[in-house]
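Below: the structure, in structure tokens.
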Amino acid sequence: FNNATTNYNLITAGQVVDTAGNTTSTARNITLGQTISERVSDADTDDFYRFNVSDRTRVDLRIAGMSADADLSLLDANGNFIGGSALSGSVDDALTRELDAGTYFVKVSRFSNASTNYNLITAGQLLDTAGNTTTTARNITLGQTIGERVSDTDTDDFYRFNINQRSRVDLKISGMSADADLFLLDANGNQIDVSGNGGSVDDAISRELDAGTYFVKVSRFSNASTN
């Protein structure tokens with residue numbers, strides 16, 4: 001200070017911060033599609049991640065970039081084991097599962113006394129739960145809300161419902177990012193009504209129907225793709 005002259009020692013330290021929880025209760029929330037870089041070691045033997053799926057989804061999980069052995073597990077909302085991969089050494093571990101809507105956990109664990117960095121790579125793809133014709137239509141009951149998608153590879157979705165007495169039926173598609181149209185069909189696939197508003201505006205149909213079997217058809221408009 002001032003006119004002082006002195007030698008000194010600069011002492012530095014660094015510690016990787018654990019961004020993943022160590023239990024299901026403290027699990028880090030992630031969304032499918034993320035890649036997360038983390039580490040397991042003597043001081044942090046297990047890392048937990050929590051994710052949600054809103055409808056039946058194919059989930060792909062992988063840990064890569066390891067210098068030692070770590071293992072990968074998929075757990076249900078209660079922490080019960082669903083599946084895993086435990087290849088030896090620094091080989092990537094991966095698993096793919098079709099999961100129903102709900103909450104799930106990913107667990108990354110070191111093997112034995114190993115310490116290693118890793119990259120957790122995640123991906124999810126909604127499965128087509130609706131049929132593509134009246135013959136393969138998904139059976140539904142009135143009162144359900146269903147999340148689905150129409151696109152280049154899935155242009156039309158069909159749903160079948162039954163009513164046992166004359167009823168007023170209300171149908172709506174909403175939450176769209178592009179244009180899709182809504183159709184009500186009779187048991188033979190003939191059109192009863194349609195709602196074809198432009199853009200991402202909701203489409204809705206309300207009709208009084210006699211007892212019988214009916215179909216709902218959701219179709220993309222032009223080249224639109226939308227949930």
Side-chain angles (χ1 to χ4, degrees), residues 29-34 50-60 74-78 80 82 96-105 122-227:
N29 290 316
I30 63 171
T31 55
L32 294 176
Q34 282 186 262
R50 179 190 297 105
F51 68 90
N52 297 290
V53 292
S54 60
D55 211 324
R56 189 161 179 81
T57 301
R58 192 187 77 174
V59 173
D60 298 300
L74 174 65
L75 313 178
D76 68 15
N78 298 312
N80 300 311
I82 296 174
T96 298
R97 285 289 189 279
E98 292 184 3
L99 301 177
D100 291 326
T103 298
Y104 298 89
F105 296 95
T122 71
Q125 182 176 0
L126 284 172
L127 298 173
D128 183 19
T129 64
N132 296 322
T133 66
T134 54
T135 303
T136 60
R138 174 179 173 177
N139 291 315
I140 63 172
T141 55
L142 295 177
Q144 281 185 262
T145 298
I146 298 140
E148 252 294 348
R149 180 175 178 82
V150 284
S151 64
D152 290 340
T153 57
D154 181 24
T155 57
D156 301 301
D157 285 341
F158 287 82
Y159 305 88
R160 180 190 296 105
F161 68 91
N162 297 289
I163 51 177
N164 56 21
Q165 60 185 352
R166 187 166 177 81
S167 303
R168 194 189 80 173
V169 173
D170 298 306
L171 306 169
K172 179 185 284 193
I173 53 173
S174 63
M176 298 173 290
S177 59
D179 195 1
D181 297 327
L182 177 66
F183 300 82
L184 174 64
L185 312 177
D186 67 16
N188 296 314
N190 300 309
Q191 183 176 307
I192 297 172
D193 204 346
V194 61
S195 177
N197 294 327
S200 58
V201 177
D202 294 359
D203 282 294
I205 293 171
S206 291
R207 291 294 292 258
E208 292 187 2
L209 301 175
D210 291 327
T213 298
Y214 298 89
F215 295 95
V216 181
K217 177 185 175 184
V218 179
S219 298
R220 72 168 187 163
F221 179 76
S222 187
N223 294 319
S225 294
T226 181
N227 295 324

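Here the structure is a predicted model, which means the values were calculated and not measured. What's counted below: heavy atoms across the whole structure, side chains too, no hydrogens, waters or symmetry copies.
When the ring-ring contact (aromatic ring centres under 6.0 Å, His included) test is applied to Phe183, no partner is found at least two apart in sequence or on another chain.
Nearest heavy-atom pair across Ser177 and Ser225 is OG-O, 4.1 Å. Of all non-hydrogen atoms in Ala187 and Phe215, the two that sit nearest each other are O-CE1, 3.6 Å. The two atoms that bring Ser195 and Asp203 nearest to each other are OG-OD1, 2.8 Å, heavy atoms only. Taking every heavy atom of both residues into account, Asp170 and Ser206 meet most closely at OD1-OG, 2.5 Å. A pairwise comparison of heavy atoms in Ala180 and Val150 identifies CB-CG2, 4.3 Å as the closest pair. When all heavy atoms are compared, the tightest approach of Thr122 to Ile30 is CG2-CD1, 4.1 Å.
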**OP:** Report the C-alpha separation of Asn197 and Asp202 in whole Å, then their side-chain angles, then the decisive distance to 0.1 Å, and conclude whether the side chain to side chain contact (heavy atoms under 4.5 Å, CB included) test is met.
**Re:** CA-CA 7 Å; Asn197 294 327; Asp202 294 359; 5.9 Å; no
**OP:** Tell me, with the steps shown, if Leu209 and Leu184 meet side chain to side chain contact (heavy atoms under 4.5 Å, CB included).
**Re:** CA-CA 11 Å; Leu209 301 175; Leu184 174 64; 4.1 Å; yes
**OP:** Mind running side chain to side chain contact (heavy atoms under 4.5 Å, CB included) on Leu99 and Phe51 for me, showing each step along the way?
**Re:** CA-CA 12 Å; Leu99 301 177; Phe51 68 90; 4.1 Å; yes
Subject >> side chain to side chain contact (heavy atoms under 4.5 Å, CB included) between Arg149 and Asn227, worked out >> reply: CA-CA 4 Å; Arg149 180 175 178 82; Asn227 295 324; 3.2 Å; yes
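Taking OG1 of Thr213 as the start and CG of Leu185 as the end, the distance is 12.5 Å to the nearest 0.5 Å. We find the CZ-CG distance between Arg138 and Asn132 to be 13.0 Å, quoted to the nearest 0.5 Å. Between Asn188 atom CG and Tyr214 atom OH the span is 11.0 Å, to the nearest 0.5 Å. Rounding to the nearest 0.5 Å places CG of Asn162 at 11.0 Å from OG of Ser167.
Thr57 places no side-chain N or O within 3.5 Å of a backbone atom of Val59 that could act as its donor or acceptor partner. A donor-acceptor pair is defined here as one N or O able to donate and one able to accept, closer than 3.5 Å; no such pair exists between the side chain of Arg97 and the backbone of Leu74. In this structure a side-chain-to-backbone donor-acceptor pair under 3.5 Å is present from Asp76 to Asn78.
Side-chain atoms of Phe161 and Val169, non-hydrogen and from C-beta on, do get closer than 4.5 Å to each other. A 4.5 Å side-chain heavy-atom check between Tyr159 and Glu148 finds at least one atom pair inside the cut-off. Taking the side chain as every heavy atom from C-beta outward, Leu182 and Val218 approach each other to under 4.5 Å. Contact annotation: the side chain of Arg160 never approaches that of Thr134 to less than 4.5 Å [non-hydrogen atoms, C-beta and beyond].
Only one option out of Asp157, Asp152, Asp156 pairs with Arg220 in a salt bridge (charged side-chain N to carboxylate O under 4.0 Å, His left out); it is Asp152.
Within a 6.0 Å sphere centred on CZ of Arg168, heavy atoms belonging to other residues, nucleotides or ligands number 12 at most. Around atom CZ of Arg58, no more than 12 heavy atoms belonging to other residues, nucleotides or ligands sit under 6.0 Å away.
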